[in-house]
A.B. asks: 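The following block contains the structure, expressed as structure tokens.
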Amino acid sequence: MSKWVPVALADGLKPGGVMRAVVGDQDLVVWRTTAGAVNAWNNRCPHRGMRLSFGFVRGDRLACLYHGWQFGADSVCRYIPAHPDLEPPATITATVYGARERGGLIWVSLSGEGEPDMPDIAVHPVRSLAVDVAPGDLLAALRGACFPVSETWQAGSGTFSHEDLGEAVVAIDGVDGDARCRLVAAVQPLPDGRAMLHLLVDEGPDDGPHDGPAAALKLRLSDWAERLRWFLENPQATSASWTPVLVEERAA
Amino acid sequence: MSETVEKKDPARDEWYAVGISADLRPGEARETILVGEPIDIRREPGGAVIVSKSDGRACPVRERYGHVWTSIGAPDHDLFAIPEADQEGRVLVDVGAVRVRCSPLRAVENFLDIAHFPYVHTDILGAEPQTEVVPYKVHVEEAGDEVWATKVKFFQPQAAKSAEGGIVTDYKYRVPAPTTAILYKTCPPRPGEWDVITIFVQPIAEDLCDVWPWMALFDEDNSLAELIHFQQMIFLQDRSILENQVPKLLPLDPKMEIPTRADMTSVAYRRWLKRRGMTYGAQTAAA
Ligand code: FES
Ligand SMILES: [Fe+2]
């Protein structure tokens, strides 16, 4: 049975947006209606095989770039521009996969069975970035990661606890003096063996008005994610050459 | 038995354009790949073109329609005729190769398609809301075993370099060989005549080809450079489609893709390929 896989930050796919995702050896188009609903289909138009991820959204339909065939959110072809007066046969459909929004992420599943393995918590998007290590290694690193909780955070200070929110999601709680911050990291296996890191943040209930994290915090965490990537992709790197990203870092 | 009888192979026993004649000067040579086989093309100081395989064996050669034509097999027919090539007053335009990572057959099929004009060549060869493809005629001409589509009409905002404003353009399509397609279209400066626009597709592999567009036009207003630029722009737009069709090979099994009435030419082309056994660049069974 195929599992649910996080393929994007929910915020990264705007209403009317279209993107491509590859899960295992299956090529998918993931798109959002202008009203906001997310869909995941086989990335292939049933007419002449064009990748639907090149298409465009009109209202609640996805249109193929090649000949403009329009498919409703139920995947049924609704309009064939070459024959404007024809009602397309209901048998013309795209192949549908499971799509969900949960925990600030877009999840897809080839079988569509069950639900994504993550609680539906409220978190804010930071960024996604590809890391040239195996997904399992990235998850292992995240389970021992530390990060700059505040602007004044220094290597060695603060306490960090780690919790698996699901098979592919790790939460890292950092406390440094009065400052506290929860990072949520989801890992997506990429077809080339690399891993995609989707990073979110929850400032916790004490952070005043909930209009999203400060730009400075996002920037700090975004920098941290790049440092983590650099560290993991360069096994010879040591904490002497870098602000630590792991609680127990490789000794010099 | 060490001797192998050369079996007939529709892909090998066919003529293909492999270069522009004018670009190959006496004493010059170039290498290319045709249907998976490396070949060497060379113009002798005396002017004759020699095409040879890596084992030195010579291939048949023709120079016609601005291009050098050859075959790695043994064609049992001569190169098809394009009578318009010799008609007085036409500008003959060698556009130059466009390399496309797609099946040579997908490249031809796309060239035979009009329904994509409003979406792929937006505001040039077509525009919404004039997207309708009205019924046209398709037949296989028995004598030459060619696929023809006639009485094709489509609205074009800028039908050709020499057209100003939108017009309903008339077209005819002709497929004289599996990887050659000829388009005849209304010729704005000369009512009653047809502009001729062709693609000669050189299969390199089943999923890789060089497309050599060639034109024979009545056009007094535009420079050769402008005509070439216009046609190249159109082909680059097509390339972004062709490199993103799945599967890469052209499906000959009718269950694999869903045509409508607008695709009659494509349906006839696929059937014709199947009947001829031309499966190089094609997928014959549903995946
Ligand atoms: S291939 Fe999608 S509309 Fe034709
Ligand atoms: Fe085109």
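By convention in this document, chain letters (A, B, ...) are assigned in the order of the sequence lines, proteins followed by strands, and residues within each chain are numbered from 1.
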A.B. asks: Parallel, tilted or perpendicular: which one describes the rings of A:Phe56 and B:Tyr119, with boundaries at 30° and 60°?
C.D. replies: parallel

A.B. asks: With a 4.5 Å cut-off on side-chain heavy atoms, are A:Cys45 and B:Glu257 touching?
C.D. replies: no

A.B. asks: If every non-hydrogen atom of B:Asp113 is compared with every non-hydrogen atom of A:His67, which pair is closest and at what distance?
C.D. replies: OD2-NE2, 2.9 Å

A.B. asks: Any side-chain heavy-atom pair from A:Pro81 and B:Glu132 closer than 4.5 angstrom?
C.D. replies: no

A.B. asks: Using non-hydrogen atoms only, which part of B:Gln237 is less than 4.5 Å away from chain A: side chain, backbone, both, or neither?
C.D. replies: neither

A.B. asks: So for B:Pro247, is it side chain, backbone, both, or neither that comes closer than 4.5 Å to the heavy atoms of chain A?
C.D. replies: both

A.B. asks: Tell me, for A:Arg44 versus chain B, whether the close heavy atoms (under 4.5 Å) come from the side chain, the backbone, both or neither.
C.D. replies: side chain

A.B. asks: Please check if atom CD in B:Glu141 has more than 12 non-hydrogen atoms from other residues, nucleotides or ligands closer than 6.0 Å.
C.D. replies: yes

A.B. asks: Quick one: what part of A:Leu65 sits under 4.5 Å from any heavy atom of chain B, side chain, backbone, both or neither?
C.D. replies: both

A.B. asks: Name the region of A:Pro84, side chain, backbone, both or neither, that has any atom closer than 4.5 Å to a heavy atom of chain B.
C.D. replies: side chain

A.B. asks: Looking only at heavy atoms and a cut-off of under 4.5 Å, which of B:Asn110, B:Asn244, B:Val133, B:Leu250 has the most pairs with chain A?
C.D. replies: B:Asn244

A.B. asks: Let me know if B:Arg261 has heavy atoms under 4.5 Å from chain A in its side chain, its backbone, both or neither.
C.D. replies: both

A.B. asks: In this structure, are over 12 heavy atoms from other groups packed under 6.0 Å from B:His139 atom NE2?
C.D. replies: yes

A.B. asks: Find the distance between OG (B:Ser240) and CE (A:Met50) and round it off to the nearest 0.5 Å.
C.D. replies: 6.5 Å

A.B. asks: In this structure, are over 12 heavy atoms from other groups packed under 6.0 Å from B:Arg276 atom CZ?
C.D. replies: yes

A.B. asks: With distance as the sole test, does A:His83 use its side chain to make a donor-acceptor pair with the main-chain N or O of B:Thr260 at under 3.5 Å?
C.D. replies: no

A.B. asks: As an exercise, state the distance from CZ of A:Phe54 to CD of B:Gln245, rounded to the nearest 0.5 Å.
C.D. replies: 11.5 Å

A.B. asks: Answer with side chain, backbone, both or neither: which region of B:Glu128 has an atom nearer than 4.5 Å to a non-hydrogen atom of chain A?
C.D. replies: side chain

A.B. asks: Under a 4.5 Å cut-off applied to non-hydrogen side-chain atoms, are B:His116 and A:Arg48 in contact?
C.D. replies: no

A.B. asks: Can you see which heavy atom on A:Tyr66 is nearest to which on B:Val120, and at what distance?
C.D. replies: O-CG2, 3.7 Å

A.B. asks: Side-chain contact, heavy-atom cut-off 4.5 Å: B:Asp263 with A:His47?
C.D. replies: yes

